[in-house]
Amino acid sequence: MDTKMLIKEIIDLDKEKKDVVVQGWVRTRRDSKGFSFIELNDGSCLKNLQVVIDHSIISAAHLKKITTGSSIKVKGDIVESPGKGQKWELMGREVFILGEADPNKYPLQKKRHSDEFLRQIAHLRVRTNKYGAINRIRSTVSYIIHNFLQERDFFYIHTPIITSSDCEGAGDLFQVIKKGEKKDSFFKKDAYLTVSGQLTAEAICLGLGRVYTFGPTFRAEDSNTPRHAAEFWMVEPEMAFFDLNDDMDLAEELIKYVVKTTLKQRAEDIELFSKFLDKGLFSRLEKLINEPFVRIEYTEAINILEKAEKKMGFQFKPKWGEDLQTEHERYLTEKYFNGPVVVYNYPKEIKPFYMRLNDDGKTVAAMDILLPKIGEVVGGSQREERFDVLVKNMERLEMKIQDYEWYLDLRRYGTVKHSGFGLGFDRLIMFLTGVSNIRDVIPFPRTPGTLNF
RNA sequence: UCCCCGGUAGCUCAAGCGGCAGAGCGGGUGACUGUUAAUCACCAUGUUGGCGGUUCAAGUCCGCCCCGGGGAGCCA
């Protein structure tokens with residue numbers, strides 16, 4: 001009886017194995033006199049399996065159909081390869097062509113393509129080394145994040161994708177309406193796609209203790225940058241009895257754990273990026289694991305930036321009370337500290353209503369984690385647990401308090417100190433791989449003016 | 001949304017001042033070879049993003065539009 005095997009399993013074999021079946025997609029075929037070499041990939045790992053086909057087992061007409069992009073099934077024996085470049089190869093005994101790929105039309109050639117071209121054929125680009133690796137890394141990182149949090153007694157919770165109001169005040173929302181009907185015909189009120197699961201996660205947190213969401217979020221901003229997408233994934237832990245320091249500790253520990261574990265579990269895939277895309281990748285990742293993140297107060301960050309202003313000639317003057325500009329973030333992470341920077345205690349005026357007011361009355365217990373090249377990867381805060389202060393905030397911002405009665409209930413009844421943060425999953429993948437455009441770490445990216453597939 | 005750059009063969013790109021549209025890769029055919037992005041020879045690539053204008057003549061100049069990229073803004 002033949003054994004169905006993944007190429008990943010074959011690569012790891014420690015001895016030869018008879019009667020094996022392998023299925024996959026052909027990357028290239030090289031013909032010799034009497035036999036052909038096929039590079040076969042099944043997606044299970046970066047490496048291809050070299051398949052040797054003796055021309056006595058296949059007709060010339062069939063062989064011709066085994067072209068780049070076609071899918072085949074091969075039965076045979078795994079034997080040690082006499083050639084250089086691979087330990088094992090599959091000596092074919094029977095070959096079945098599962099699906100042909102007309103070489104005159106198949107868009108992926110055995111050469112490098114530009115990212116822009118591959119984006120147009122996102123349904124096929126996963127068959128390249130680079131995009132196969134990205135998707136494997138996404139899967140592994142997801143699993144690692146779940147592992148990390150579950151081991152620390154966090155519960156994975158599910159917050160709604162369709163939300164009832166623009167609670168978070170987070171920029172532009174996508175509205176949800178029933179096709180062909182008025183905007184409020186279904187829910188009898190306005191409905192939107194979520195921009196964050198935070199507020200509902202807080203509710204579950206104040207009952208379960210430690211929770212997290214991990215799901216898609218949506219922003220309707222007309223942002224055309226390599227770091228923004230209209231649909232992206234976030235991890236949002238929310239913890240009872242955590243203050244801002246606990247919050248920063250957890251976020252830093254999580255990021256370090258993810259990087260360290262991914263380097264171990266997806267070494268081959270990460271190596272591809274460090275070799276061909278970003279020579280400095282390994283040293284940047286190693287540095288992140290081994291050194292504590294710099295933590296500075298917003299006020300200190302402004303001081304540093306003001307001192308650097310003359311030398312750097314910033315387009316925007318750093319000024320207390322204003323948000324940090326992209327050029328400011330880059331100066332801090334890429335020049336001044338050359339590594340991850342956590343900035344905390346921001347002016348209350350530039351942060352949302354739910355962040356906890358500090359004793360100085362001017363700043364809130366907020367924190368952002370900035371990474372070199374990527375910018376903000378984490379945004380979090382200690383939440384305002386004091387009923388009176390929270391209501392005052394909402395009044396200052398002229399919010400409709402009646403829409404948030406349920407949220408205020410969380411402070412009316414058994415309120416406790418609690419904190420949380422949101423981690424941009426796709427930006428984390430960018431940092432891990434050195435891929436510089438978010439459109440290339442999301443399998444089917446959604447951006448303004450682009451909705452394909 | 002604003003500023004800048006670009007769109008020429010399937011892909012990546014070239015074409016001095018407006019004067020016959022080209023190369024490499026990929027593809028096809030053949031040769032050679034336990035090959036490794038194989039190698040060598042030959043063959044075919046085309047509405048120069050779209051519409052309009054200037055001109056004897058437009059890939060090239062002008063206008064509008066579409067698409068892509070970079071930067072900025074927006075961004076829990």
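Remark: A/Arg152 is positioned above the aromatic ring of A/Phe148, its terminal NZ or CZ atom under 6.0 angstrom from the ring centre and at most 45 degrees off the axis.
Of the candidates B/rU35, B/rA76, B/rC74, B/rU35 carries the atom nearest the A/Gln50 side chain, counting heavy atoms from C-beta on. Closest to the A/Thr225 side chain, of the nucleotides B/rG26, B/rU36, B/rC74, is B/rC74. Side-chain proximity of A/Arg30 to the nucleotides B/rU1, B/rA76, B/rA38 is greatest for B/rA38. In the set B/rA72, B/rA76, B/rC11, B/rA72 carries the atom at the smallest distance from any side-chain atom of A/Arg227. Nearest to the side-chain atoms of A/His113 among the listed nucleotides B/rG70, B/rC75, B/rC11 stands B/rC11. When each of B/rU36, B/rG73, B/rG10 is scored by its nearest atom to the side-chain atoms of A/Ser223, the top-ranked nucleotide is B/rG73. Taking the side chain of A/Arg439 as heavy atoms from C-beta on, and the options B/rG26, B/rG34, B/rG70, the nearest nucleotide is B/rG70. Proximity note for A/Arg219 (side chain, C-beta onward) versus B/rA76, B/rC74, B/rU35: the nearest is B/rA76. In the set B/rC11, B/rC74, B/rG71, the nucleotide with an atom closest to the side chain of A/Ser114 is B/rC11. Across B/rG69, B/rU1, B/rA76, the shortest atom-to-atom separation from the side chain of A/Glu116 is found for B/rG69.
A distance of about 40 Å separates the C1' atoms of B/rG30 and B/rG68, rounded to the whole Å. When the C1' atom is compared between B/rC66 and B/rG27, the two are found 30 Å apart, to the nearest whole Å. Separation of the C1' atoms belonging to B/rA14 and B/rU54 is 27 Å when rounded to the nearest angstrom. Taking atom P on both B/rA21 and B/rU47, the two are 14 Å apart, rounded to the nearest angstrom. The P atoms of B/rA15 and B/rC3 are separated by 28 Å, rounded to the nearest whole Å. Atom P of B/rU39 sits at a distance of 8 Å from the matching atom of B/rC25, rounded to the whole Å. Taking atom P in both B/rC42 and B/rG24, one finds a spacing of 11 Å when rounded to whole Å. A gap of 13 Å separates the P atoms of B/rC11 and B/rG46, to the nearest Å.
The side chain of A/Lys110 places an N or O atom within less than 4.0 Å of a non-bridging phosphate oxygen (OP1 or OP2) of B/rA38. Within the structure, every side-chain polar atom (N or O) of A/Thr67 is placed at least 4.0 Å from both OP1 and OP2 of B/rG27. The side chain of A/Gln325 contributes no N or O atom lying less than 4.0 Å from OP1 or OP2 of B/rA72. Note on A/Arg119: a side-chain N or O is less than 4.0 Å away from OP1 or OP2 of B/rG69. For A/Lys64, a side-chain nitrogen or oxygen approaches OP1 or OP2 of B/rU29 to under 4.0 Å. A close approach under 4.0 Å does occur between a side-chain nitrogen or oxygen of A/Lys33 and OP1 or OP2 of B/rU33. Dashed line: the shortest gap from a side-chain N or O of A/Asn224 to OP1 or OP2 of B/rG71 is not under 4.0 Å. Proximity of A/Thr28 to the phosphate of B/rU36: no side-chain N or O atom is located under 4.0 Å from OP1 or OP2.
The two residues A/Tyr156 and A/Phe214 have their closest heavy-atom pair at OH-O, 3.3 Å.
Base pairing of B/rC2: its partner is B/rG71, meeting the Watson-Crick or G-U wobble criterion (both donor-acceptor distances under 3.5 Å). Base-pair partner of B/rC42: B/rG28 (Watson-Crick or G-U wobble, both distances under 3.5 Å). The partner of B/rU35 cannot be assigned: no Watson-Crick or G-U wobble pair with both contacts below 3.5 Å exists in any strand. Pairing of B/rG18, defined by two Watson-Crick or G-U wobble distances under 3.5 Å, is not identified with any nucleotide.
Using a 4.0 Å heavy-atom cutoff across all strands shown, A/Pro107 reaches no nucleic acid atom at all. Within the 4.0 angstrom heavy-atom criterion, base atoms lie near A/Lys84. In this structure, A/Glu89 reaches the bases: a heavy-atom distance under 4.0 Å links it to at least one base atom across the strands shown. When heavy atoms are screened at a 4.0 angstrom cut-off, A/Gly83 is found touching base atoms of the nucleic acid. Across all strands shown, A/Phe218 has no heavy atoms under 4.0 Å from either base or sugar-phosphate atoms.
By the 6.0 Å contact criterion, CZ on A/Phe241 is open, its count of non-hydrogen atoms from other residues, nucleotides or ligands being 12 or less. Heavy-atom contacts from other residues, nucleotides or ligands closer than 6.0 Å to CZ of A/Phe387 number more than 12.
Because its glycosidic torsion is within 90° of 0, B/rC17 is reported here as syn. In textbook terms, a nucleotide whose glycosidic angle is within 90° of 0 is syn, and B/rG16 is one such case.
The interatomic distance linking A/Ile53 (CD1) with B/rU35 (P) rounds to 18 Å, in whole Å. Rounded to whole Å, atom C1' of B/rA9 lies 13 Å from atom CG of A/Asn104. If you take CZ of A/Arg427 and C1' of B/rA76, they are 12 Å apart, rounded to a whole angstrom. A straight line from CG of A/Asp115 to C1' of B/rC67 spans 17 Å, rounded to a whole angstrom. For the pair A/Gln86 CD and B/rU36 P, the interatomic distance rounds to 11 Å; values are reported in whole Å. For the pair A/Leu370 CG and B/rC75 P, the computed distance is 16 Å after rounding to whole Å. Following rounding to the nearest Å, A/Lys105 (NZ) and B/rG27 (P) show an atom-to-atom distance of 16 Å. A straight line from CZ of A/Phe117 to C1' of B/rG6 spans 18 Å, rounded to a whole angstrom.
One distance of note links OG1 of A/Thr363 with CG of A/Leu357; it measures 7.0 Å at 0.5 Å rounding.
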Between A/Arg138 and A/Asn135, does a side chain to side chain donor-acceptor pair (under 3.5 Å) hold up when you go through it step by step?
CA-CA 5 Å; A/Arg138 282 184 76 96; A/Asn135 281 285; 5.2 Å; no
ring-ring contact (aromatic ring centres under 6.0 Å, His included) evaluation trace for A/His328 with A/Phe316
CA-CA 9 Å; A/His328 302 151; A/Phe316 294 90; 7.2 Å; no
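Each of A/Lys47, A/Arg30, A/Lys110 was evaluated against A/Glu39; a single residue qualifies, A/Arg30, per the side-chain contact (heavy atoms from CB on, under 4.5 Å) test.
Taking 4.5 Å as the limit, some side-chain heavy atom of A/Asp77 sits within range of a side-chain heavy atom of A/Arg93.
Using a 4.0 Å cut-off between a side-chain N of Lys or Arg and a carboxylate O of Asp or Glu, A/Arg383 and A/Glu238 qualify as a salt bridge.
Take the nearest nucleotide of RNA chain B for A/Tyr106 and for A/Ser81: the residue whose nucleotide is more 5' is A/Tyr106. Toward the 5' end of RNA chain B, the nearer of the two residues A/Phe35 and A/Met234, judged by each one's closest nucleotide, is A/Phe35.
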